[in-house]
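Below is one structure, written out as structure tokens; comments come after it.
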Amino acid sequence: MDYTESLRGVLVRKINKAERDLLQLKLDYCRFVYGITHRSKVAYNQSVYLIKAVDLESMERSETGEWSKPQVSGVLLDCEQQPVGKDITQIGRQWDLVA
């Protein structure tokens with residue numbers, strides 16, 4: 001029984017590490033493929049938003065092995081690129097990166 005418990009602990013740690021590594025790789029993918037981080041600006045529905053959160057779990061894998069855009073949420077910016085209030089809006093995947 002001790003061997004089984006010990007092996008279980010090792011496997012759980014390895015699974016947890018693999019999950020953390022996958023999340024980091026998805027974050028890197030978002031940064032380098034889509035140019036998005038938690039401080040990027042995106043256009044959505046004729047408005048510009050400052051990204052506050054990137055939902056890595058929302059990324060879907062295509063048949064070719066690539067990952068979809070993540071769903072993001074952010075704060076609406078005014079024409080001077082200043083936040084309009086503090087309300088965070090769920091933007092989804094239909095955003096375009098603002099340079």
Side-chain angles (χ1 to χ4, degrees):
M1 190 71 173
D2 291 331
Y3 175 76
T4 303
E5 286 299 315
S6 176
L7 182 59
R8 181 181 141 311
V10 168
L11 291 173
V12 166
R13 284 192 299 278
K14 285 186 172 193
I15 290 168
N16 290 338
K17 182 181 181 321
E19 288 174 339
R20 283 191 308 272
D21 289 347
L22 178 58
L23 286 177
Q24 184 59 51
L25 288 169
K26 282 182 170 182
L27 187 60
D28 291 343
Y29 190 88
C30 288
R31 186 178 307 125
F32 295 111
V33 173
Y34 296 118
I36 191 124
T37 65
H38 70 283
R39 300 297 294 171
S40 298
K41 294 175 186 163
V42 297
Y44 170 72
N45 202 19
Q46 300 178 359
S47 298
V48 176
Y49 292 84
L50 176 66
I51 297 303
K52 293 294 188 177
V54 177
D55 181 7
L56 299 175
E57 297 295 324
S58 70
M59 297 173 73
E60 296 176 355
R61 198 159 188 177
S62 70
E63 292 178 10
T64 61
E66 296 180 10
W67 292 93
S68 69
K69 283 182 176 180
Q71 293 182 14
V72 296
S73 50
V75 176
L76 182 63
L77 298 176
D78 62 18
C79 59
E80 296 169 1
Q81 302 297 303
Q82 297 299 314
V84 177
K86 295 186 186 235
D87 295 333
I88 295 177
T89 303
Q90 299 291 329
I91 298 169
R93 290 190 183 105
Q94 303 304 317
W95 49 266
D96 292 308
L97 190 64
V98 174

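Between the side chain of S58 and the backbone N or O of Q71 there is at least one donor-acceptor pair closer than 3.5 Å. Put simply, the side chain of D55 gets close to the backbone of E57: a donor and an acceptor are under 3.5 Å apart. Formation of a donor-acceptor pair under 3.5 Å by the W67 side chain with backbone atoms of L56 is not found in this model. With hydrogens and angles disregarded, a donor-acceptor distance shorter than 3.5 Å links the side chain of S68 to the backbone of E60.
Between R31 and D28 the shortest side-chain heavy-atom distance falls below 4.5 Å. Within the 4.5 Å cutoff, the side chain of K41 has heavy atoms near those of the Q81 side chain. Under the 4.5 Å side-chain criterion, counting only non-hydrogen atoms from C-beta, I36 is in contact with W95. Put simply, the side chain of I88 reaches to within 4.5 Å of the side chain of V75, judged on heavy atoms. Using a 4.5 Å heavy-atom threshold, the side chains of T89 and S73 count as separate. In this structure, Q82 and L77 have side chains that are not in contact, with every pair of non-hydrogen atoms separated by 4.5 Å or more.
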### Task
Test side chain to side chain contact (heavy atoms under 4.5 Å, CB included) on K52 and L50 and set out the steps.
CA-CA 6 Å; K52 293 294 188 177; L50 176 66; 4.2 Å; yes

### Query
Taking it one step at a time, do V33 and K69 satisfy side chain to side chain contact (heavy atoms under 4.5 Å, CB included)?
CA-CA 9 Å; V33 173; K69 283 182 176 180; over 6 Å; no

### Task
Evaluate the side chain to side chain contact (heavy atoms under 4.5 Å, CB included) criterion for residues I91 and Y49: first the C-alpha distance (whole Å), next the side-chain angles of each, then the deciding distance (0.1 Å), finally the verdict.
CA-CA 9 Å; I91 298 169; Y49 292 84; 3.6 Å; yes

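Tracing side-chain contacts under 4.5 Å through hydrophobic residues (I, L, V, M, F, W, Y), one reaches Y3 starting from L11; they form part of the same cluster. Connection of V54 to V98 is not established within any shared hydrophobic cluster, with ILVMFWY side chains joined at heavy-atom distances below 4.5 Å, either directly or through further cluster members. Under a hydrophobic clustering in which Ile, Leu, Val, Met, Phe, Trp and Tyr are joined whenever their side-chain heavy atoms come within less than 4.5 Å, directly or via other members, L97 and V72 fall into the same cluster.
The NZ atom of K14 sits 13.0 Å away from the CG atom of N16 when rounded to the nearest 0.5 Å. Distance CE/M59 to CG/L22: 9.0 Å, rounded to 0.5 Å. Note that CG of L27 and CD of Q24 are 5.0 Å apart. Values are rounded to the nearest 0.5 Å.
In this pair, Y29 and Y34 present their aromatic rings perpendicular. The plane angle is above 60°, beyond the 30 to 60° band.
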